Chemist: 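Have a look at this one before I ask anything.
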Amino acid sequence: MIPQIPHTINAIGDALSGADRARFYAEVLAAEESTVPAVMRRWWKTAILDRAPGAERSRANVAVGRNLMSVDELAARLGGCGLVGAQRRITVDHL
């Protein structure tokens with residue numbers, strides 16, 4: 001189970017590491033009032049994904065081009081609809 005991260009600036013910053021933490025604080029501190037929620041949502045998602053089981057292994061696989069499949073291939077495998085022409089590839093460690 002992925003640990004919960006509250007939707008606060010401090011909790012998001014604490015959940016991020018190294019360069020991501022510095023980029024988050026720089027971005028949120030420079031944001032206009034109306035854009036702060038969007039900045040927080042985007043970085044909250046990054047923090048959650050970073051804590052997902054196997055995240056480090058998936059990044060290592062991406063770095064060397066191992067265990068990749070297109071979004072359309074994944075959607076077909078999971079029985080959902082794909083993104084036509086998607087060029088992004090993802091790791092399939094957990095399938």
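Throughout, residue positions are numbered sequentially from 1 according to the sequence presented. Not measured: the values here are computed from a predicted model.
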Chemist: Just how far is it from atom OG1 of T46 to atom CZ of R21, taken to the nearest 0.5 Å?
Modeler: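 Between atom OG1 of T46 and atom CZ of R21 there are 13.5 Å.
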Chemist: Measure across A15 and A47 and return the closest heavy-atom pair with its distance rounded to 0.1 Å.
Modeler: CB-CB, 3.8 Å
Chemist: Using the side-chain contact (heavy atoms from CB on, under 4.5 Å) rule, pick out the option among I5, L16, I9 that qualifies with W43.
Modeler: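 Among the candidates, only L16 passes.
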Chemist: With rounding to the nearest 0.5 Å, note down the distance linking NZ in K45 to CG in D50.
Modeler: 14.0 Å
Chemist: To the nearest 0.5 Å, what is the distance between OG1 on T35 and CE on M40?
Modeler: 11.5 Å
Chemist: Got a sec, which pairs hit salt bridge (charged side-chain N to carboxylate O under 4.0 Å, His left out) with one end in residues 4-17, sequence neighbours left out?
Modeler: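 Of all non-adjacent pairs touching residues 4-17, none passes salt bridge (charged side-chain N to carboxylate O under 4.0 Å, His left out).
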Chemist: Over all heavy atoms of both residues, which pair between A31 and V36 is shortest? Give the atoms and the distance, please.
Modeler: CB-CG2, 3.9 Å
